[in-house]
2 protein chains.
Amino acid sequence: MHRHEGHDACETGLGGMLARAEAVCRERGLQFTPLRREVMEAVAEAGKAQGAYDIAEKLSAPGRRVAPVSVYRALDFLMENGLVHRIASRNAFIPCAHGHAPGEGVVFLICRKCGGVDEASSEELEDGLDRTLKRAGFTPAHSILEVEGDCGACRERQQAG
Amino acid sequence: MHRHEGHDACETGLGGMLARAEAVCRERGLQFTPLRREVMEAVAEAGKAQGAYDIAEKLSAPGRRVAPVSVYRALDFLMENGLVHRIASRNAFIPCAHGHAPGEGVVFLICRKCGGVDEASSEELEDGLDRTLKRAGFTPAHSILEVEGDCGACRERQQAG
DNA sequence: GCGGCGGTGATACACTGTAACAAACCCGCC
DNA sequence: GGCGGGTTTGTTACAGTGTATCACCGCCGC
Ligand SMILES: [Zn+2]
Ligand SMILES: [Zn+2]
Ligand SMILES: [Zn+2]
Ligand SMILES: [Zn+2]
């Protein structure tokens, strides 16, 4: 749905993301359980950020209720392992299609029209932030960069229509 | 509690912030009602980001209950006029000591130790973000930049102790 | 006075997230 | 096979955050 830039190892698409999740868990000796897989799928399938309760509802079916708390636990696990991200400004979650180095700053580009979320990173942004923090005498531990606006696809669509 | 940098017209301190709030409302023909003033004071007095429910509790007294919904309305008003900011990663609010141009990007520096929140802005950060967004074909409308870490004061205190 | 309008009070509710405990599962070990 | 301990999941209850709705009040213009 969205393109991105600034990354190399780019596993886009549902299959790729699931494969990466599986690989990450195997190499770290962690369990990629059915529930975790289903939550990963639910987040990866959706074209936009999913709330935990949305996921719980999607996974529930007549005869099987998946409680939100279970979804939260799975999401915590997936976030710890860099497989999904939380979008603070939406209280929602997206799959990570890239696999960043830990500590690497990433900007989330959130489209107001289609709701899609893309990730971008860049040296110059990172450098600018680092220098600004250094000047302020602040030692960063973790950062949240989220930009809301209109993605390229939606802007084209709007001009065409 | 915290220093900041990158701004000129810098009204720090409770009095300055209240004066600015009053001035802003007067010049825009808006009402700086007692409730709005009290909420502004509560946010400005605290050395760290305040939750809406914290503010409601602080303003309540035996015989007078201020409901959270009233606080939210006052906060919405103050945010629309650039007098307070919402810290998305904390669901909390801080006073704005600067008065930015609309659209000006600001980074919030959130200290893990003391809970204080400082604002910083810089040309190079702004430029880096703009270029990154442009390359991604994304048109920004509003951005959230929040960094969690250790402020200078707390780091010094830690080294001394 | 009367009607409109913005601000406030009050209640109820939806949404987001966590704590606590029990049950099921897995796996190595006796 | 049976046991023991760690991890995962189910279940319930609850805390925290934010919004919808309606009623009331005060003000100002007509
Ligand atoms: Zn990512
Ligand atoms: Zn879009
Ligand atoms: Zn500010
Ligand atoms: Zn500090």
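Numbered from 1 within each chain, the chains take letters A, B, ... in sequence-line order.
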Discussion item. Just checking Lys134(A): does its NZ atom have more than 12 heavy atoms from other residues, nucleotides or ligands closer to it than 6.0 angstrom?
Written reply: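 At most 12 heavy atoms, drawn from other residues, nucleotides or ligands, come within 6.0 Å of this atom.
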Can you check the [X] [atom1] to [N] [atom2] distance for me, whole Å?
X	N	atom1	atom2	result
Asp54(B)	dG16(D)	CG	C1'	10 Å
Ile55(B)	dG18(D)	CD1	P	11 Å
Asn91(B)	dT19(D)	CG	P	11 Å

Item to complete: Report the residue (Thr33(A) or Phe93(B)) whose heavy-atom-nearest nucleotide on DNA chain D is the more 5′ of the two.
Response: Thr33(A)
Would you tabulate the pairs of protein nitrogen or oxygen atoms and nucleotide nitrogen or oxygen atoms of nucleotides 25-30 of chain D closer than 3.5 angstrom?
none

Discussion item. Let's go through Glu146(A) and Glu146(B) carefully: what are the C-alpha distance in whole Å and the side-chain angles of both, what is the deciding distance for side chain to side chain contact (heavy atoms under 4.5 Å, CB included) to 0.1 Å, and is it a yes or a no?
Written reply: CA-CA 9 Å; Glu146(A) 300 178 8; Glu146(B) 300 178 9; over 6 Å; no
Practice prompt. Consider only side-chain N and O atoms of Thr139(B) and Arg155(A), and report whether a donor and an acceptor are under 3.5 Å apart.
Written response: yes
Worksheet item: Does a donor on one side chain sit under 3.5 Å from an acceptor on the other, for His85(A) and His100(A)?
Response: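 Yes.
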For the atom pair [atom1] ([X]) and [atom2] ([Y]), what is the distance rounded to the nearest 0.5 Å?
X	Y	atom1	atom2	value
Leu78(B)	Phe32(B)	CG	CZ	6.5 Å
Cys111(A)	Asp150(A)	SG	CG	5.5 Å
Phe138(A)	Leu133(A)	CZ	CG	7.0 Å

Item to complete: Decide, yes or no, whether a salt bridge links Lys113(A) with Glu148(A) under the criterion of side-chain N to carboxylate O below 4.0 Å.
Response: no
Fill in: N-O pairing of Arg135(A) and Glu124(B) below 4.0 Å
yes
Worksheet item: Quick one, which residues of residues 65-80 of chain B touch DNA chain D with a heavy atom under 4.0 Å?
Response: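 Within this stretch, Val69(B), Tyr72(B), Arg73(B) sit under 4.0 Å of the strand.
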Item to complete: For DNA chain C, note the earliest and the latest nucleotide, 5' to 3', having some atom under 4.0 Å of a heavy atom belonging to chain B.
Response: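 The contact span of chain B on DNA chain C goes from dG6(C) to dT11(C).
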Discussion item. Counting the atoms with a prime plus P, OP1 and OP2 as sugar-phosphate, which does Arg86(B) contact under 4.0 Å by heavy atoms, base, sugar-phosphate, or nothing?
Written reply: sugar-phosphate
Response to the item:
Exactly one of Val71(B), Leu75(B), Ile87(B), Ile55(B) clears side-chain contact (heavy atoms from CB on, under 4.5 Å) with Gln50(B), and that residue is Ile55(B)
Discussion item. Using side-chain heavy atoms (C-beta onward) and a distance below 4.5 Å, is Leu109(A) in contact with Val117(A)?
Written reply: no
